[in-house]
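Not measured: the values here are computed from a predicted model.
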Amino acid sequence: MSDIYENIMELARRRGFIWPASECYGSVAGFIDYGPLGSMMKRRIEDTWREFYVVNEGYYEIECPTIGQEDIFIASGHLKGFSDLMCQCPHCNEYLRADHIAEGGGVKNASSLGCADLAREIRTLPCPACGEVLGDVEVFSFNLMFQTSIGPGSQRKGYLRPETAQGMFTDFQRLLRFYRDSLPFGAVQIGKSYRNEISPRQGMIRLREFTQAEAEIFVHPARKKHPNFSRYAEYRMPLLGIPQQQGETPAIVITMRDAVDRGLVANEYVAYYLALTHDLLVTVGVNPEKLRFRQHLPDELAHYAEDCWDAEILSERFGWVETVGIADRTDYDLKAHGTQSGERFTVFIPYETPRKERRIRVVANMGALGPRFRGKAKAIADALAEAVPGKDGVTIGIDGEEIFISPDLYQVREEEVDVPGEEVTPHVIEPSYGIDRMIYAVLEHSYAEEMVHDEERTVLRFPPRISPIQVAVFPLMNRDGLPEIAREITTRLKAARIMAEFDDSGAIGRRYRRQDEIGTPFALTVDYETPGSGTVTLRDRDSMQQVRVRTDTLTELIRSLLDGSSSFASLKSA
RNA sequence: GCAUCGAUGGUCUAGUGGCAUGACUUAGGCCUUCCAAGCCUAUAGCCCGGGUUCAAUUCCCGGUCGAUGCACCA
């Protein structure tokens, strides 16, 4: 079957958008190169992302190493949770999930067993692929993280990060100081992540090395109203929530205000980023008709998450592709790093007025305790501070030893103290974008083949802000001083930081087609009227219409067409 | 990863145990006053490794990549 995917990937290869990686040695599945036009397009999409998150939201970008030490991934859960217990059937060589086989054979909690235990459990069970009893099989843990070693002698394990998110968590204290100790704040990262997929087969949809753009927004757990919610409160878009999926009804089109009020979306933060994501995806060229937001069902929702939605993009080849995840991850990540590192991952939130609290404090009488208990006295005093003594004294445990402390050895004081505030572990709102998937979606949704004068025309209808080449400049004829004028115009456009490309090769029609194919939105042609009138023709990629425009105001005009502040349709010939 | 099928200039493709087709593209030239026109010329290819053979792009084995099915999948 020759589908649109093959045509797009052929175009992408031929024109320098996407290539298989390291082809001269034979490529490896799950790795791609972005060619000259692909890199430029990717950068423009990333810059649009930055415009939304860094410039508008004010969440600054950071850049952390792609290799992390083991502790990070112990805390994040990737070392454990990102592993599959697998085995290979000795009869049919099929790779199988060992824990699934065990559970199928009635073993409870198989995934929590070790490799050796699991191998014992499944040796009497049949292989689900060939039916033979497995017998003597080795169970091994396959982790989706790439492992490496840091420094010589491989003393220290390192892992290539499976997501960029952890960097924002590990830098939490620094970020908190940077944002002057107050919530909410956020940080973002755009960069490579790595997952050693078992069989990455869907071209650039499932890569072993891919680019993520993630934001981690730290909010007060009890204050989940977005300060700028009004921006998207009336934004209306289709949501496929849990009720719609369970009732198998279509997505409901609803404003973000209503979605939060009705409890479909957990809070304003999540709703805000659902809308922002919709806005962003459409801005970079995703077809809104082929975009939906689907809520995670209770069984796919991580246990700690409060709410999670995927932006899914419809691809002719791959169906609905998860491209963005937007989750309220609560305090899970920060708590985990707090426990693992022993460092503080909380924010001190002062009360508006300090609260008076009555406290009962047990103060040891060291003058009496010291001589009697000697070395243990300090431990006993500490234990007393935590204890709740009865009338006749208290029994405390020190190193497993029960010790009775009579009331003459301590004092119980009741006092009133000022409590100025409390330590709070923020909740994390995480929008996470798969940039490569976005790029594929934009390519597929922009791609069109149409008949023009009985000839097929291939065109990428990119939004102008995404196009790698922004304007092409042609001399109509390759003589009579026309090329010189066209070159001079090209230079002027470039000086204004517009990506302009001069082309004088072949017939004019061919040159238009070349640019159509790579999505260049506009073309300027210097013709025989140019020297006399100071005008050139401006040709619009999508309509193929032309207008004459003045050359002296060209850079301003092109700039406004590119940033969307004016449109081709509104132009009148000069 | 398993099974099946496939891999020929940049792209699409013909074909073969002995010199490897054609089209498009690209580059140079001629021509050309706005949408892949025409003419001339040039560049460029049998996925990788091993085996069989006088000789392998072709046959055999292994690998890589791709498609399909199975398995797996934040």
Side-chain angles (χ1 to χ4, degrees), chain A residues 1-3 5-7 9-16 19-32 35 76-78 81-82 84-89 91-97 100-101 127-130 142 144-145 162-163 165 193-203 205-208 210 212 214 296 300 302 308 310 317 322-325 327 430 432 434 437 452-459 474-480 482 505-517 523-530 536-541 543-546 548:
Chain A
M1 86 183 161
S2 165
D3 60 16
Y5 170 83
E6 283 168 17
N7 296 340
M9 293 315 282
E10 190 268 317
L11 167 63
R13 254 199 318 279
R14 192 161 40 79
R15 297 306 305 270
W19 294 325
S22 60
E23 269 185 299
C24 66
Y25 294 108
S27 15
V28 183
F31 296 96
I32 57 168
S76 72
H78 285 103
F82 231 49
D84 290 332
L85 291 165
M86 301 191 73
C87 65
Q88 189 177 20
C89 170
H91 312 289
C92 66
N93 291 330
E94 186 77 80
Y95 279 91
L96 305 153
R97 284 283 295 269
H100 287 183
I101 298 173
C127 166
C130 68
F142 181 79
L144 256 26
M145 284 195 294
E163 58 175 24
S193 295
Y194 304 82
R195 294 177 191 176
N196 199 0
E197 299 286 351
I198 297 171
S199 80
R201 272 228 268 164
Q202 300 149 310
I205 297 297
R206 228 163 117 104
L207 296 168
R208 289 186 164 126
F210 56 101
Q212 285 186 309
E214 294 191 295
H296 276 205
E300 54 183 328
C308 183
D310 285 334
R317 177 59 157 276
E322 300 163 26
T323 304
V324 184
E430 179 191 79
S432 168
R437 290 181 174 188
V452 177
H453 304 311
D454 290 332
E455 223 148 15
E456 194 174 87
R457 168 191 192 234
T458 304
V459 53
F474 310 141
L476 181 61
M477 287 296 129
N478 212 350
R479 61 183 186 217
D480 304 320
L482 268 37
S505 164
I508 190 78
R510 170 183 299 280
R511 285 179 263 164
Y512 286 137
R513 291 292 192 275
R514 254 184 219 137
Q515 297 297 334
D516 289 342
E517 202 179 44
L524 298 165
T525 301
V526 173
D527 60 15
Y528 283 92
E529 281 184 48
T530 304
V536 292
T537 63
L538 170 68
R539 182 255 196 191
D540 174 53
R541 175 196 67 204
S543 63
M544 298 196 291
Q545 303 281 306
Q546 287 178 298
R548 291 204 77 83

- prompt: What's the CG-P distance between A/L11 and B/C24, to the nearest Å?
  reply: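 Those two atoms, CG and P, are 20 Å apart.
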- prompt: Over how many whole Å does the gap from A/W19 atom CH2 to B/U11 atom C1' extend?
  reply: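 Nearest whole value for this atom pair: 14 Å.
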Tell me which nucleotide among [options] gets nearest to the side chain of [X].
{"X": "A/Q546", "options": "B/C65, B/C35, B/U33", "value": "B/C35"}
{"X": "A/E517", "options": "B/A36, B/U33, B/A37", "value": "B/A36"}
{"X": "A/E455", "options": "B/A36, B/C34, B/U26", "value": "B/A36"}
{"X": "A/R13", "options": "B/C12, B/C35, B/A36", "value": "B/C12"}
{"X": "A/M477", "options": "B/U33, B/C34, B/C65", "value": "B/U33"}
{"X": "A/I508", "options": "B/C34, B/C12, B/G10", "value": "B/C34"}
{"X": "A/H453", "options": "B/C35, B/C34, B/A37", "value": "B/C35"}
{"X": "A/R206", "options": "B/C35, B/C72, B/G10", "value": "B/C72"}
{"X": "A/T525", "options": "B/C34, B/C72, B/U32", "value": "B/C34"}

Polar pair under 3.5 Å, donor/acceptor by atom type, side chain A/R539, base B/C35: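 Indeed there is one.
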Same-atom distance (C1') from B/A42 to B/A3, integer angstrom: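 The answer is 47 Å between these two C1' atoms.
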task: Tell which nucleotide pairs with B/G49, taking only Watson-Crick or G-U wobble pairs whose two distances are both under 3.5 angstrom.
output: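 Base partner found: B/C61.
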Is [X] touching bases, backbone alone, or none of the nucleic acid, heavy atoms closer than 4.0 Å?
{"X": "A/E456", "result": "base"}
{"X": "A/R541", "result": "nothing"}
{"X": "A/R511", "result": "nothing"}

message: Does a side-chain N or O of A/R510 approach OP1 or OP2 of B/A37 to a distance below 4.0 Å, or not?
response: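 So the side-chain polar atoms of A/R510 do come within 4.0 Å of the phosphate oxygens OP1 or OP2 of B/A37, strictly under.
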field: Any A/S505 side-chain N or O less than 4.0 Å from OP1/OP2 of B/U26
entry: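 It does not, given that no N or O in the side chain of A/S505 lies less than 4.0 Å from OP1 or OP2 of B/U26.
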field: From CE (A/M544) to CZ (A/R513), nearest 0.5 Å
entry: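 Answer for the CE-CZ pair, A/M544 versus A/R513, is 6.0 Å.
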message: Between A/E23 and A/G30, which residue's closest nucleotide on RNA chain B lies nearer the 5′ terminus?
response: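 The residue whose closest nucleotide sits nearer the 5' end is A/E23.
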